[in-house]
Amino acid sequence: MANVAILKIDGKDYELPIIEGSEKERAIDITKLRAQTGYITIDSGYLNTGACTSAITFLDGEKGILRYRGIPIEQLAAKSTFTEVAYLLIYGKLPSDVELKKWNESLTKHTLIHEDLKRLFHGFPKDGHPMAIMSCMMVSLSTYYQDSYDPLNPEHREISMIRLLAKFPTIAAFAYKKSIGQPIIHPINKLDYCSNFLNMMFSVPAEEYEIDPVIVEALNLLLILHADHEQNCSTSTVRLVGSSLANLYSAIAAGICALWGPRHGGANQEVLEMLTYIHESGQKVSKMVEQAKDKNSSFRLSGFGHRVYKNFDPRAKIIKGAADKVLSKLGIKDPLLDIAKELEEVALNDPYFKERNLYPNVDFYSGIIYRALGIPTNMFTVMFAMGRLPGWIGQWKEMIEDPGLKIGRPRQIYTGATDTDYDTAKKGK
Ligand code: ACO
């Protein structure tokens, strides 16, 4: 295999190094391209651009492979817990029993938020979207932790990572309680990460909430499946903001905003709204599929298609199986699951979806499980963010610890007006 690529411009040859990853993926290194040739590259939407090298997550979109630190997602989904996966993503290895115990204790110890911060919840309208509240709360946390702002200081990094992971579920549950007018429920240290979150969401002072192990297991699974997905839109946002050496809280707040979009994490809310619409309106599934194919309509089948997976999304496969299992264990019969399956069947047999390699993605079935767990629809994307948090943190840490760290700063090719005189422009001449 060649280890250089030759680029010919104006009759002159330039040698560009080829680099290879541990899974034999190959890239042309253009780091010195502009300095050597005066040219830049254009790659709208970054379809061909590797923004970094990373040792965290490997995915092969053609083969439907996803591995965290080399371990297949199917094995982690079957054997691990969310906090163990968080450790794996952030520190690069599975923790020993002692390390895991210490890690879980740290995450438990930092769950409370400053009393003054709680007052911020009262400033939001009752129906404010929880993703907006989460982003605002994450960046607001930074005002309380000015002692640990510096991303280049390893101790500051460590405590910021733990604080964010520990406080995210508390803040998410508080936001929900505020939106439904119930008193907030404080974290309880004897509960594990997922049980604690469920208790803060569903317990009321008048009545104890019985934590169902089926629900805890399902939540662990969903969070694990969402925990990292290499350089997607929100992770790239976290890296870009973090590359300016802004504190971690700010970078995470920006990542939450990026995830909110309906073409990214916001799709899980849209899937459920779409399925509910089909159910309530009696709309035929085939009609929705026709509308999604219509180029005069901006409607897309939410939960279908993926920038990288062009065969199947391994997470969707696991979630589809889990949806059946969880609903039957909980004794729930959800007509939306039947509609989802019918929609999948119709779309997968339609040439439009086949030709474009559009398959159900992770968001297609996750909403049905969240609904069965009692999570309200507008909290679905918050659940995604909770799952993705260790991935964002691990990717940020990897970037900050790289001695070659550079601020992210893409270039452009300018296509606007050339040098224009102010007075001439004012007169419209
Ligand atoms: N329904 C109908 N048509 C679709 C869909 C869809 N869900 N997704 C893609 N297409 C079509 C596009 O119209 C386009 O058609 P064309 O070639 O005739 O113009 C073609 O398939 C390729 O689509 P692009 O948008 O160019 O593909 P890209 O890789 O840029 O986008 C994306 C991927 C954003 C996920 C897209 O498939 C989509 O919008 N899906 C729906 C939203 C969704 O489910 N997002 C969640 C993604 S997973 C995640 O973020 C965790």
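Counting convention: from 1, in listed order, for ligands and their atoms alike.
Taking CG from Leu327 and CD1 from Ile368, the interatomic distance works out to 7.5 Å, rounded to the nearest 0.5 Å. The structure places CG of Leu165 at 9.5 Å from OG1 of Thr83, a figure rounded to the nearest 0.5 Å.
Closest to atom 13 (O) of ligand 1 by heavy atom, among Lys310, Glu355, Lys295, Glu270, is Lys295. By heavy-atom distance, the residue among Arg356, Arg315, Gln291 lying nearest atom 18 (O) of ligand 1 is Arg356. The closest heavy-atom contact to atom 36 (C) of ligand 1, among the options Met288, His229, Arg300, comes from Arg300. With atom 42 (C) of ligand 1 as the reference point, the heavy atom nearest to it among Ser298, Cys233, Pro262, Pro360 is part of Pro262.
For a threshold of 3.5 Å applied to N or O pairs, the pair formed by Asp363 and ligand 1 contains no separation below that value. Between Leu358 and ligand 1, no N or O atom pair is found at a separation short of 3.5 Å. Distances between N or O atoms of Gly303 and those of ligand 1 include at least one value under 3.5 Å.
With no hydrogens or angles considered, a side-chain donor-acceptor pair links Glu84 and Ser80 at under 3.5 Å. In the model, Ser54 has a side-chain atom that pairs as donor or acceptor with a side-chain atom of Glu398 under 3.5 Å. Looking at Thr81 and Asn220, their side chains never bring a donor and an acceptor atom within 3.5 Å of each other. Defined by atom type and a distance below 3.5 Å, a donor-acceptor pair is missing between the side-chain atoms of Ser160 and Asn247. Using a 3.5 Å distance cut-off with no hydrogens or angles, the side chains of Gln395 and Gln231 do pair a donor with an acceptor.
The residue Phe364 has no part lying near ligand 1, judged by heavy-atom distances below 4.0 Å. With a heavy-atom cut-off of 4.0 Å, Val362 touches ligand 1 through its side chain alone.
Not a single protein heavy atom sits closer than 4.0 Å to atom 27 (O) of ligand 1. Under the 4.0 angstrom criterion, atom 46 (C) of ligand 1 counts as having a protein heavy-atom contact.
Of the possible donor and acceptor atoms, none in the side chain of Arg371 sits under 3.5 Å from a partner among the backbone N and O of Gly367. His156 contributes no side-chain N or O that, together with a main-chain N or O of Leu152, makes up a donor-acceptor pair within less than 3.5 Å.
Using a 4.0 angstrom heavy-atom cutoff, Phe299 does not count as in contact with ligand 1.
Under a 4.0 Å criterion applied to the non-hydrogen atoms of Ala267, ligand 1 contributes the atoms 43 (C), 44 (O), 45 (N), 46 (C). For ligand 1 and Phe384, the ligand atoms under 4.0 Å from any heavy atom of the residue are 51 (C). Residue contact check: His264 has heavy atoms under 4.0 Å from atoms 45 (N), 46 (C), 49 (C), 50 (O) of ligand 1.
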